Amino acid sequence: MQFYEKRTCCGAEEIFLQYGRMLYRIAVVMLGSSHDAEDVVQDTLIRYMEYQKDFRDQAHEKAWLIRVTVNLCKNRLLFAGRHPQVEFSELTKSYEDSEDRSLMECLLRLPRTYRAALLLYYVIGYNVRESAQILNVTEGTMKKRLERGRRKFKEMMEQEGADKDGI
């Protein structure tokens, strides 16, 4: 059995030119998002470059690319199902009071570590020990994150107030 021509560094570009549109269409249909589809095609090409074995022929190569694209799409869909995300605008829209909305907007702009600490402690109501266990950090780290998060939150609120006042 003769193996298909060995891939080179330029092979990924050729593969993209030859199959990129087809892979993109498959991903868009499966995911319903052009941005996610672009990511999947890029990930497929990365896997192609990392793949160390030779293909038997062009049909084998094409089938492999399609299978990888489909599997990556399935993985994204599974992840999205297990980890639902809410858009920032949706979260702030639910607050009718403008003060509550501005508080939530500032909270959501905080770095993830501070945001998680403040949400667990103030919004959900866990104590420091419970919050630390959930985040898998020490109680000292949790206290420091709360302190820094409060400081940063206060700075952001003051800055927002100054921006609204025109100062």
Side-chain angles (χ1 to χ4, degrees), residues 1 3-96 100-126 130-138 141-142 145-146 148-149 152-153 156:
M1 178 185 305
F3 281 96
Y4 185 58
E5 180 180 324
K6 185 153 178 70
R7 291 171 283 135
T8 63
C9 64
C10 303
E13 184 177 348
E14 293 168 5
I15 290 300
F16 177 74
L17 293 173
Q18 187 172 1
Y19 299 116
R21 296 185 77 204
M22 175 193 63
L23 299 174
Y24 176 78
R25 285 193 301 266
I26 290 168
V28 165
V29 168
M30 287 189 71
L31 299 171
S33 165
S34 61
H35 298 293
D36 287 341
E38 290 169 359
D39 290 343
V40 164
V41 171
Q42 182 177 2
D43 290 345
T44 301
L45 293 173
I46 290 170
R47 299 264 172 103
Y48 176 81
M49 291 186 294
E50 294 173 344
Y51 190 68
Q52 297 298 313
K53 299 177 184 170
D54 290 325
F55 297 102
R56 288 186 304 270
D57 54 22
Q58 191 172 7
H60 179 230
E61 183 177 57
K62 180 179 177 181
W64 185 89
L65 289 164
I66 292 170
R67 174 58 31 211
V68 170
T69 300
V70 168
N71 287 341
L72 289 172
C73 288
K74 286 179 180 179
N75 291 346
R76 277 188 182 259
L77 292 169
L78 279 172
F79 182 84
R82 291 182 181 150
H83 307 283
Q85 296 180 348
V86 179
E87 291 294 320
F88 178 75
S89 60
E90 291 296 316
L91 285 174
T92 57
K93 207 186 314 180
S94 64
Y95 293 94
E96 294 178 13
D100 288 344
R101 188 176 308 118
S102 65
L103 287 172
M104 183 55 90
E105 287 173 355
C106 284
L107 183 62
L108 292 172
R109 283 196 310 258
L110 285 172
R112 185 174 17 104
T113 54
Y114 302 145
R115 182 175 61 229
L118 293 174
L119 280 170
L120 287 172
Y121 188 78
Y122 289 106
V123 178
I124 299 175
Y126 286 111
E130 293 167 331
S131 299
Q133 287 174 340
I134 291 170
L135 296 176
N136 200 25
V137 297
T138 64
T141 300
M142 184 64 190
R145 286 182 181 180
L146 286 169
R148 290 177 180 162
K152 187 129 180 100
F153 184 77
M156 290 172 73

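All heavy atoms count here, side chains included; hydrogens, waters and symmetry mates do not. No experiment lies behind these values; they were computed from the predicted model shown.
Considering CE of M142 and CD1 of I134, their distance stands at 8.5 Å, rounded to 0.5 Å. Rounding to the nearest 0.5 angstrom, the gap separating the NZ atom in K152 from the CE atom in M156 is 7.0 Å. Here Q58 contributes atom CD and Q18 contributes atom CD; the two are 4.5 Å apart, rounded to the nearest 0.5 Å. The structure places CD1 of I15 at 11.0 Å from NZ of K62, a figure rounded to the nearest 0.5 Å. For the atom pair OH (Y24) and CD (Q42), the distance works out to 13.5 Å, reported to the nearest 0.5 Å. Atom OH of residue Y122 and atom CG of residue L119 lie 12.0 Å apart, to the nearest 0.5 angstrom.
In this pair, Y51 and W64 present their aromatic rings tilted. The plane angle is within the 30 to 60° band.
In plain terms, the two heavy atoms of D54 and H60 that are nearest each other are O-CE1, 4.4 Å. In terms of heavy atoms, Y48 sits closest to E61 at OH-OE2, 2.7 Å. Residues L118 and F153 approach most closely at CD1-CB, 4.4 Å, considering heavy atoms. The nearest pair of heavy atoms linking L135 to A116 is CD2-CB, 4.0 Å. Across L146 and A117, no two heavy atoms sit closer than the pair CD2-O, 3.5 Å.
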Worked verdict on I66 versus Y19 for side-chain contact (heavy atoms from CB on, under 4.5 Å)
CA-CA 9 Å; I66 292 170; Y19 299 116; over 6 Å; no
Please tabulate, for side-chain N and O atoms in residues 30-40, each donor-acceptor pair with protein atoms closer than 3.5 Å (sequence neighbours left out).
unit_1, atom_1, unit_2, atom_2, d
S33, OG, H35, N, 3.4
S33, OG, D36, N, 3.3

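In this structure T69 satisfies the side chain to side chain donor-acceptor pair (under 3.5 Å) test together with T44, sequence neighbours excluded. Under the rule for a side chain to side chain donor-acceptor pair (under 3.5 Å), the partners of R67 that lie at least two apart in sequence or sit in another chain are N71. Among residues two or more places apart in sequence or in another chain, the side chain to side chain contact (heavy atoms under 4.5 Å, CB included) test is passed with E130 by Y126, N127. Residues meeting the side chain to side chain contact (heavy atoms under 4.5 Å, CB included) test with R25, sequence neighbours left out: R21, M22. With sequence neighbours excluded, the residues that form a side chain to side chain donor-acceptor pair (under 3.5 Å) with T141 are T138.
Contact annotation: the side chain of F16 never approaches that of L23 to less than 4.5 Å [non-hydrogen atoms, C-beta and beyond]. At a threshold of 4.5 Å between non-hydrogen side-chain atoms, the residues D43 and R76 count as touching.
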